[in-house]
Amino acid sequence: MASTTSDRQQYGVPFYGAGWVPYNHVRSKLNSQQKSEEDDKEDKDPTQSEDDEISTSRNYVVLAGGGGEGRSGIPNAIVVSHVDFASNSLSGQPVAMLRTGSDLPYRMTVHPRGDGIICALQQSCRLFEWEECEGNEVHKLSVKVSEKVVTQLEDVGQQLALTFNSEGSELAVGGEDGSLRVFKWPSMEIILNEAQAHSSVKDLDFSCDGKFLVSLGSALCRIWDVTSSKAVASLPKGNDEIFAFCRFSQINDNNPVLYIAAVTDHGGSILTWNTTTWKRMCSNRVVREAISAFNVSADGKFLAVGTVGGNVFIIDSSNMRVQMMVKKAHLGLVTALTFSHDSRALISASLDSSARVTLIKEKKKSGGISWMIIFMVLLAIAVYFMKEKGIIP
């Protein structure tokens with residue numbers, strides 16, 4: 001299934017990261033802050049009616065990137081954009097843009113309970129918090145530099161992977177130098193500190209129940225028990241494979257799996273691993289190009305693959321077949337992919353300074369029934385003429 005480029009927006013910032021804003025949690029925190037400052041304002045928790053409003057009009061994405069330290073004139077910035085599901089589009093102009101000076105936000109992770117965003121800059125990681133700008137505009141969600149300095153992540157070098165667990169109670173960071181650290185959030189008490197987990201950490205992900213953490217290098221994938229802070233398995237690559245991305249997924253309540261997106265001599269493949277035995281279950285080549293971005297929907301039904309050619313693919317996890325393809329979703333390589341919290345939309349970003357939203361469309365299942373009806377009609381016609389000719393009594 002192909003798509004047009006009408007829902008792609010250019011924001012003038014080469015993007016390296018993208019995420020969905022957990023608006024209901026953000027709204028609740030901002031309301032609580034406002035109530036503590038002004039007692040005459042009612043503290044509104046997200047009610048059912050407010051949730052309905054959130055689902056229809058309060059959908060935001062946050063993007064991060066830039067031109068780096070040089071004097072290219074390309075800003076380093078965090079961008080907030082509004083998503084309109086009715087028109088399947090992003091706002092033409094950013095809702096907010098916070099410039100970060102000479103610091104390039106090269107990687108980012110969004111706290112799932114509304115505590116803000118952590119960005120990996122060149123030498124340190126920085127926390128950014130949500131705020132609402134004063135004014136009469138409908139869309140006024142913005143970001144600001146937090147007064148809280150994450151001292152444990154100051155002067156640690158370039159971090160290449162950042163992720164929170166699903167509850168937002170733990171933060172994992174992986175460095176260009178191969179170091180792996182896991183902290184409790186928000187106390188930042190360290191619970192895992194491995195100086196040489198890999199030659200360089202490329203990706204990280206917590207399991208759905210938070211018991212395991214997967215860390216990825218080019219040649220090796222390691223599984224860590226978060227409670228004991230010990231490595232429990234090492235998953236080697238095949239001869240022609242280069243590991244690129246890793247994600248846990250909950251196919252059903254009793255069958256969690258681990259996906260590894262790998263670049264091979266023949267294109268991009270998805271490797272599936274059993275999370276009990278840590279044995280490889282299968283390998284499926286899904287695209288002919290190299291994979292440059294990868295993610296999994298929260299409900300486990302879909303995988304998203306972005307390529308160096310700017311294409312985006314939605315893969316059905318039940319059969320590993322392409323369900324949707326957005327050809328030339330971006331003019332440059334795809335750098336980030338993230339599903340919405342309800343798994344019905346995907347945000348993608350690129351080094352070409354563009355972002356776009358793609359709605360996930362379920363496959364129609366009426367085809368088989370239609371063919372069966374046609375077959376039965378044709379069969380009835382054949383029987384009728386055979387009776388007319390006396391071929392059958």
Side-chain angles (χ1 to χ4, degrees), residues 17-26 28-29 62 107-120 125-130 146 148 150 152-153 156 159-175 179-194 197-198 201-216 221-233 235 245-253 255-260 273 275-276 278 294-300 303-304 336-343:
W20 291 81
V21 178
Y23 184 78
N24 53 340
H25 293 289
V26 173
S28 180
K29 284 182 177 291
V62 59
R107 293 289 186 268
M108 61 165 275
T109 184
V110 180
H111 188 270
R113 295 291 185 262
D115 283 359
I117 313 157
I118 292 184
C119 290
C125 294
R126 186 177 300 166
L127 175 64
F128 297 86
E129 295 178 343
W130 305 107
S146 174
K148 177 183 176 181
V150 188
Q152 295 85 347
L153 295 177
V156 292
Q159 301 301 295
L160 299 181
L162 308 166
T163 189
F164 285 103
N165 65 359
S166 61
E167 296 299 318
S169 60
E170 292 171 352
L171 168 69
V173 297
S179 62
L180 172 63
R181 301 176 180 90
V182 180
F183 302 90
K184 290 184 178 180
W185 181 267
S187 69
M188 290 302 290
E189 174 189 344
I190 194 160
I191 55 178
L192 191 156
N193 189 3
E194 189 74 19
H198 302 273
V201 179
K202 299 174 66 175
D203 202 11
L204 296 168
D205 194 42
F206 283 98
S207 60
C208 305
D209 58 9
K211 293 181 179 179
F212 297 107
L213 174 73
V214 56
S215 65
L216 197 68
C221 176
R222 302 184 73 180
I223 310 298
W224 306 83
D225 183 299
V226 177
T227 302
S228 67
S229 301
K230 301 293 184 182
V232 295
L235 314 180
F245 303 96
C246 54
R247 289 291 182 274
F248 283 102
S249 181
Q250 194 79 23
I251 293 180
N252 57 54
D253 293 339
N255 192 25
V257 296
L258 171 65
Y259 295 117
I260 296 178
W273 302 75
T275 57
T276 301
W278 302 113
F294 176 70
N295 221 321
V296 180
S297 64
D299 60 13
L303 316 179
L337 295 167
T338 308
F339 284 94
S340 60
H341 306 112
D342 59 8
S343 302

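The model shown is predicted, which means the values in this text are computed figures rather than measured ones. All residue numbers in this chain count up from 1 along the given sequence.
- Between F183 and V173 there is a side-chain heavy-atom pair separated by less than 4.5 Å.
- With hydrogens and angles ignored, the 3.5 Å screen pairs no side-chain donor or acceptor of D225 with any backbone N or O of V232.
- Listed here is the closest heavy atom pair of V182 and A172: CG2-CB, 4.0 Å.
- Between K29 atom NZ and D115 atom CG the span is 4.0 Å, to the nearest 0.5 Å.
- Using modelled atom types, no side-chain atom of R222 and backbone atom of A231 make a donor-acceptor pair closer than 3.5 Å.
- Under the 4.5 Å side-chain criterion, counting only non-hydrogen atoms from C-beta, W130 is in contact with V62.
- In this structure, P22 and V110 approach most closely via the heavy-atom pair CD-CG1, 3.7 Å.
- Between the S146 side chain and the L127 main chain, no donor and acceptor come within less than 3.5 Å of each other.
- Between L162 and Q159 the shortest heavy-atom distance is CD2-CB, 4.3 Å.
- Of the possible polar contacts, one joining the R107 side chain to the L160 backbone as a donor-acceptor pair under 3.5 Å is found.
- D203 contributes a side-chain N or O that, together with a main-chain N or O of C246, makes up a donor-acceptor pair within less than 3.5 Å.
- Separating the OG atom in S166 from the CG atom in D209 is a distance of 8.0 Å, to the nearest 0.5 Å.
- Residues T275 and F212 fail the side-chain proximity criterion, which asks for heavy atoms closer than 4.5 Å.
- The neighbour count for K148 NZ, taken as heavy atoms of other residues, nucleotides or ligands under 6.0 Å away, is above 12.
- Across V226 and L213, no two heavy atoms sit closer than the pair CG2-N, 3.9 Å.
- The aromatic rings of W185 and H111 lie tilted to each other, with the angle between the two planes from 30° to 60°.
- Shown here for A197 and L180, the closest heavy-atom pair between the two residues is CB-CB, 3.8 Å.
- Atom CD1 of I190 is separated from atom OG of S229 by 9.0 Å, given to the nearest 0.5 angstrom.
- Looking at T338, its side chain does come within 3.5 Å of a backbone N or O of A18 through a donor-acceptor pair.
- Here the side chain of N165 pairs a donor or acceptor atom with the backbone of E170 at under 3.5 angstrom.
- Side-chain atoms of N24 and S28, non-hydrogen and from C-beta on, never get closer than 4.5 Å to each other.
- The shortest distance between side-chain heavy atoms of W224 and S215 falls below 4.5 Å.
- Formation of a donor-acceptor pair under 3.5 Å by the T109 side chain with backbone atoms of I118 is not found in this model.
- Looking at heavy atoms from C-beta onward, L235 lies out of side-chain contact with V214 at the 4.5 angstrom threshold.
- The aromatic rings of F294 and F245 are tilted relative to each other, their planes meeting at an angle between 30° and 60°.
- To the nearest 0.5 Å, atom OG of residue S249 and atom CG of residue L258 are 9.5 Å apart.
- To the nearest 0.5 angstrom, I223 atom CD1 is 4.5 Å from W278 atom CH2.
- Put simply, the side chain of N295 reaches to within 4.5 Å of the side chain of R247, judged on heavy atoms.
- Between W20 and S340 the shortest heavy-atom distance is NE1-N, 3.3 Å.
- Remark: C221 SG to K202 NZ distance equals 11.5 Å, nearest 0.5 Å.
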